[in-house]
Amino acid sequence: MHKTNWGIIGLGNIAHKFATDLLTVEGAKLYAVASRNQEKADVFASKYNATKAYDSYEALAKDPNIDAVYIATPHAIHKENTVLCLEHNIAVLCEKPFAMNSYEVSDMITKAKEKDVLLMEALWTYFLPHYQYVLKELENKTYGEVLKLEADFGFHRTFDNSSRVFNKSLGGGSLLDIGIYPIFAALSTLGIPKNIEAKATYFENGADSSCDMTFQYDNNVIAALKSTLLEDTPGEATFYCEKGIIKINGGFHAPTTIALIPNEGEEETIDFNYKTIGYNYEVIHFNELLRHQKTESDVMTFEFSKQLIKTLDEVRNIIDLSY
Ligand SMILES: NC(=O)c1ccc[n+]([C@@H]2O[C@H](COP(=O)([O-])OP(=O)(O)OC[C@H]3O[C@@H](n4cnc5c(N)ncnc54)[C@H](OP(=O)(O)O)[C@@H]3O)[C@@H](O)[C@H]2O)c1
């Protein structure tokens, strides 16, 4: 069987984690990596046994042996990097947020369709077994209808404008970086809200330091969502349902455990015995799509990515955050 030859563009923090998990996937090979710096690319390639190390993203995109590229650069250049690879007929798995706004996402999807090449947003949470389990439980209404969702993602880090997490020109701020996960939790379980309220706090450079959101749905169902770079928060997603609570424990967006708390009866914790950081699940899905010559994921669909960025745009509009 031909192994998928993967390339990675942008060799920062997440690229290391992705490469670690990529090596665990049967049928995938880390073939090439690209950095803006040759020495950095060489060190990364040697650490993860990649065949090629390029000193520019353009050089990697020109390599005819690459089947798929993982884009791990700051949000502000996702579109540019994605279009570069699609132009060279390379399938693209691009980190979240897919791009800075709906216009950019729309351009990326248009380009993928024009080239007839696979494109997917790397929203890894969707592919994690514990999250899939919760989606099934909610779909089956094991605990009845959802009455309320609470989801948060927050960590404290000292402001540093040289970090892409804070730097506004790179898309810095809590909402796009981590607020996307609680929003993802709401959209993937409750759907599109009929109304959104939001308020934010800001760093001196104008990047949002925290954002509190309330999504309103029919029948008084609400989702209370939070992102913050000012404090460590539990990082849980809790679904309060008619007959009990389904709680995705701390780090809900990443491999974790689930607590099932029925109104009557015993509480149960499910441990999914994760053995990896968790990025292998999206890679396996992507490889399967490639193997079946698909150009769009049936899980992380274009429609869902569009809705996700549209919702981020809406929140930004409410809190008056512009880039
Ligand atoms: N799925 C997840 O769990 C997860 C977790 C963290 C981050 N992310 C996403 O992944 C992306 C990268 O995050 P990260 O934490 O890995 O960031 P990072 O550590 O800052 O790395 C980003 C890399 O992008 C490249 N880059 C290109 N142009 C740049 C510029 N103008 N300034 C800074 N770096 C530039 C650099 O690689 P070279 O120097 O090698 O060119 C840099 O090392 C973000 O969009 C983020 O939202 C996802």
Side-chain angles (χ1 to χ4, degrees), residues 7-22 32-48 50 52-61 69-82 84-85 92-101 104-105 108 120-128 131 153 155 157 160-185 207-208 227 229 235 251-256 274 276-283 285-286 300 305 308-309 312 323:
I8 301 180
I9 279 183
L11 306 180
N13 161 52
I14 195 62
H16 281 276
K17 294 183 181 167
F18 183 86
T20 302
D21 278 356
L22 183 71
V33 295
S35 170
R36 297 160 301 166
N37 174 298
Q38 184 67 56
E39 196 187 333
K40 191 176 169 192
D42 289 338
V43 170
F44 194 102
S46 126
K47 181 165 183 193
Y48 299 101
K52 296 275 172 95
Y54 291 108
D55 69 352
S56 81
Y57 305 161
E58 290 77 13
L60 181 144
V69 159
Y70 170 64
I71 291 174
T73 52
H75 328 329
I77 50 172
H78 284 176
K79 177 192 159 184
E80 178 190 323
N81 301 153
T82 294
L84 169 74
C85 295
V92 173
L93 176 65
C94 176
E95 260 308 337
K96 46 52 64 177
F98 218 5
M100 291 300 292
N101 54 49
E104 290 192 354
V105 166
M108 288 154 69
M120 189 179 98
E121 182 174 3
L123 220 142
W124 63 313
T125 310
Y126 227 153
F127 304 93
L128 295 172
Y131 201 80
F153 193 155
F155 56 86
R157 209 184 275 176
D160 170 8
N161 203 40
S162 67
S163 158
R164 64 121 198 123
V165 174
F166 302 96
N167 190 308
K168 234 181 142 216
S169 65
L170 299 177
S174 85
L175 179 67
L176 292 187
D177 195 31
I178 52 180
I180 190 172
Y181 286 108
I183 292 177
F184 160 77
D208 68 293
S227 61
L229 295 168
F252 81 86
H253 70 293
T256 183
Y274 284 105
T276 59
I277 314 170
Y279 297 100
N280 49 310
Y281 296 98
E282 64 180 0
V283 173
H285 175 76
F286 198 90
M300 192 67 200
S305 281
L308 190 52
I309 195 75
L312 286 163
Y323 286 94

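If you read the sequence from its start, that first residue is 1, and numbering goes on from there. As a basis for the values below, the full set of heavy atoms in this structure was taken, side chains included, without hydrogen atoms, waters or symmetry mates. Numbering of ligands and ligand atoms starts at 1, following listing order.
- Here T20 pairs with nothing under the side chain to side chain donor-acceptor pair (under 3.5 Å) rule; sequence neighbours left out.
- Rounding to the nearest 0.5 Å gives a distance of 6.5 Å between OG1 of T125 and CZ of F252.
- Atom-to-atom distance recorded for F98:CZ and L308:CG is 10.0 Å, nearest 0.5 angstrom.
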| request: Starting from the C-alpha separation in whole Å, work towards a yes-or-no answer on ring-ring contact (aromatic ring centres under 6.0 Å, His included) for F184 and F153. | output: CA-CA 12 Å; F184 160 77; F153 193 155; over 10 Å; no
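- Every residue meeting the side-chain contact (heavy atoms from CB on, under 4.5 Å) condition with E80, not counting sequence neighbours, appears here in chain and number order: I77.
- Protein residues having a heavy atom under 4.0 Å from any atom of ligand 1 are G10, L11, G12, N13, I14, S35, R36, K40, Y57, A72, T73, P74, H75, I77, H78, E95, K96, P97, W124, R164, L170, D177, Y181, Y279, listed by chain and number.
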Considering only distance and modelled atom types, tabulate donor-acceptor pairs under 3.5 Å from the side chains of residues 7-18, sequence neighbours left out.
unit_1: H16; atom_1: ND1; unit_2: Y48; atom_2: OH; d: 2.8

